[in-house]
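Okay, structure first, notes after.
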Amino acid sequence: MEDTQKAFEQLTLIREMLEAGRSSLKNRGGFYVLWGGMSVLGTGLSYLLAYLGLPWAIGLLWLGLWGLGALGTRALLRRQPTGVSEQTWADKAVGKLWLGYAIISALGGVLQIPLAGGDWQTAMTGIFSTMAALTALIYWAVGTLLEERWLKNLSWCWCSLLLPINLVPGIYGPLIFGAGILFFEFVPGLVLLRGRRPRS
Amino acid sequence: MNSDSGNVLDDMFMSRIRIAIVSLLMGAGSGEFTWLRQETGASDGNLGLHLRKLEDAGYITVEKSFVDRKPHTSYAMSARGRQAFLAYVAYLGRVVAADSENKTH
């Protein structure tokens, strides 16, 4: 009887500590907020550049923002709860996702506009559709590997954005994508940060 | 809770702090001394002692490095430690399951 009680207590302790260890890896809402914020900024400025008749500069803009995001990631890594200055593969996936945005938009700006016969609106539809599809794919992969259903659900949300992006004129593509970032990445990131267990 | 299940009941898991350390490292993959101290609530000396015991037993690995000229000591589970931990958790599960089975009969 005493053995059982002790075993039960130890199992409870193990479960609590395992969860504490895992939460230090999973609840890094800071990465989502950082990249989400940068993406909202990127899409807003993309819209502005398109509006001003400078769609060719969108690629450069995203590459520049990716550089800033990479610096922000370095700053966040130094404040990790475990103190280990390494990224988990999930963090790396978020960073690579953003690098993917930069490459797609840069290639889109340089290649897609001429390929679309100078029709930059068509090119922008292509750029932001591809970015949304890439985001959905990464979220699905991360959700599957982390066994987090909510991440998989976010993936479907991103897929649903493909329809409006392809239906409206290309200039609105960044706005729809920005709304997606805001609701499907920035807000969940804030929720994760607020829900984080106090570590003292 | 002693000896009848062979190697799984080694001394390493007879301490509450060591169980907490090992569980934290299993969950996080690796962690620094300050983080382990925060999570376990142990004093520096006590935590250091238990970490040394786990290291001597080959259950954890230690990596020392410098980040921004400051020394960082990172701990992680070894393959041996992981195996022992899983065996111990399985044993605890069997103890609890056997007791609840007795109660139903």
Side-chain angles (χ1 to χ4, degrees), chain A residues 1-31 70-95 142 145-148 192-193 195-200, chain B residues 1-5 8-9 13-42 63-68 70-77 82 85-86 88-103:
Chain A
M1 188 66 189
E2 192 187 333
D3 280 358
T4 312
Q5 180 65 25
K6 199 173 171 185
F8 189 77
E9 284 172 10
Q10 289 193 347
L11 281 172
T12 306
L13 174 69
I14 287 167
R15 191 173 61 243
E16 284 173 3
M17 292 293 120
L18 277 174
E19 280 172 8
R22 282 181 188 144
S23 72
S24 73
L25 293 178
K26 285 184 183 173
N27 292 348
R28 288 180 187 163
F31 282 94
L71 288 175
T73 299
R74 275 181 65 90
L76 278 179
L77 281 172
R78 291 184 180 179
R79 296 174 53 196
Q80 279 193 38
T82 55
V84 178
S85 305
E86 288 174 3
Q87 281 178 287
T88 63
W89 56 266
D91 299 331
K92 285 176 186 167
V94 177
V142 173
L145 289 167
L146 279 182
E147 295 177 357
E148 293 281 1
L192 282 174
L193 269 185
R196 197 156 152 175
R197 198 170 67 86
R199 310 195 70 81
S200 57
Chain B
M1 208 159 52
N2 274 329
S3 73
D4 59 335
S5 66
V8 295
L9 293 183
F13 299 116
M14 291 298 123
S15 153
R16 194 177 162 81
I17 292 181
R18 284 200 292 271
I19 289 178
I21 293 168
V22 167
S23 306
L24 283 165
L25 293 177
M26 285 291 286
S30 61
E32 282 203 340
F33 187 90
T34 47
W35 175 67
L36 290 169
R37 187 182 58 198
Q38 278 175 20
E39 293 294 341
T40 57
E63 195 180 313
K64 292 177 191 284
S65 61
F66 283 87
V67 177
D68 294 337
K70 289 177 189 165
H72 278 241
T73 309
S74 174
Y75 299 89
M77 290 297 289
R82 210 171 290 128
F85 175 78
L86 293 174
Y88 187 66
V89 171
Y91 166 75
L92 292 176
R94 283 198 302 274
V95 170
V96 173
D99 183 67
S100 55
E101 206 171 292
N102 287 339
K103 279 178 185 169

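The sequence lines fix the lettering, A, B, ..., with proteins before strands; numbering per chain opens at 1.
Heavy atoms of B:Arg16 lying under 4.5 Å from chain A belong to its backbone as well as its side chain.
With sequence neighbours left out, the side-chain contact (heavy atoms from CB on, under 4.5 Å) criterion links A:Leu11 to B:Val89, B:Leu92, B:Val96. With sequence neighbours left out, the side-chain contact (heavy atoms from CB on, under 4.5 Å) criterion links B:Arg82 to B:Met26, B:Met77.
Contact detail for A:Leu18 and B:Ser23: the closest heavy-atom pair is CD2-O, 3.2 Å. Closest heavy-atom contact between B:Glu39 and A:Met17: O-CE, 4.0 Å.
Using a 4.5 Å heavy-atom threshold, the side chains of A:Gln10 and B:Phe13 count as separate.
Summarising the geometry, atom CD belonging to A:Glu19 is positioned 11.5 Å from atom CG belonging to B:Leu24; distances are rounded to the nearest 0.5 Å.
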